[in-house]
Amino acid sequence: MTGTRVRAVAAAAALVTVAAGLGVRSTADGDFAKYAGSASYTVLIHTLVVLLVPRVRPLTAAGAALVFSWAVELAQLTGIPADLSRQSTVARLVLGSTFNAPDLFWYVVGAAVAWAVHTAAVHTTVVHTAVRSRSRT
């Protein structure tokens with residue numbers, strides 16, 4: 001798959017992830033909605049990593065998304081994200097405001113889901129390309 005096609009798929013996946021996250025938040029509440037949002041956050045970061053680096057390996061993208069998510073969560077211990085969140089809705093959505101230890105686990109869940117989907121997509125593409133090239137010979 002070309003870099004342009006990978007970027008287009010990653011952009012579409014990012015939009016689907018945002019829509020799914022907003023859908024969960026608008027239709028569910030409580031812990032399910034909160035932690036689904038945490039996992040979705042890491043899935044979104046994964047898609048953005050792929051958008052920026054289309055040839056990235058699934059494990060590398062998942063690891064980068066997980067490290068970023070954990071860094072943002074741990075930064076909430078400083079109070080800086082809370083201050084920024086009071087000034088900006090975008091900062092509140094991206095940085096959050098309050099540290100919540102269970103989020104660290106749900107980021108792992110999101111990274112695992114993103115890794116699995118990305119790995120399956122890469123595998124499907126490789127198999128499809130191999131079949132197509134065999135049929136040409």
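Both backbone and side-chain heavy atoms feed into the values below; hydrogens, waters and symmetry mates do not.
Linking ILVMFWY residues whenever their side-chain heavy atoms come closer than 4.5 Å, directly or via other members, leaves Leu51 and Val67 in distinct clusters.
Residue pairs meeting the side chain to side chain donor-acceptor pair (under 3.5 Å) criterion with at least one member in residues 62-78, sequence neighbours excluded: Thr42-Ser69, Glu73-Tyr107. Residue pairs meeting the ring pair (Phe, Tyr, Trp, His ring centres under 6.0 Å) criterion with at least one partner in residues 7-36, sequence neighbours excluded, are Tyr35-Trp106.
Of all non-hydrogen atoms in Ala111 and Ala62, the two that sit nearest each other are O-CB, 3.6 Å. Residues Thr47 and Ala10 approach most closely at O-CB, 3.7 Å, considering heavy atoms.
A donor-acceptor contact shorter than 3.5 Å is absent between the side chain of Tyr41 and the backbone of Gly110. Between the side chain of Ser85 and the main chain of Gly96, a donor-acceptor pair closer than 3.5 Å is present. The backbone N or O of Ala65 lies less than 3.5 Å from no partner atom in the side chain of His46, so there is not a single donor-acceptor pair.
With Phe68 as the fixed residue, the side-chain contact (heavy atoms from CB on, under 4.5 Å) test singles out one of Leu48, Ile45, Val49: Ile45.
Take Arg86 and apply the side-chain contact (heavy atoms from CB on, under 4.5 Å) test, not counting sequence neighbours, and it matches Ala82, Asp83. Applying the side chain to side chain donor-acceptor pair (under 3.5 Å) criterion to Trp115, with sequence neighbours excluded, gives Thr119. Applying the side chain to side chain donor-acceptor pair (under 3.5 Å) rule to Ser40 yields no partners; only residues at least two apart in sequence or on another chain are considered.
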Donor-acceptor contacts under 3.5 Å from residues 22-31 side chains, at least two apart:
| unit_1 | atom_1 | unit_2 | atom_2 | d |
| --- | --- | --- | --- | --- |
| Ser26 | OG | Leu22 | O | 3.2 |
| Ser26 | OG | Gly23 | O | 3.1 |
| Thr27 | OG1 | Gly23 | O | 2.8 |

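Under the 4.5 Å side-chain criterion, counting only non-hydrogen atoms from C-beta, Val122 is in contact with Pro58.
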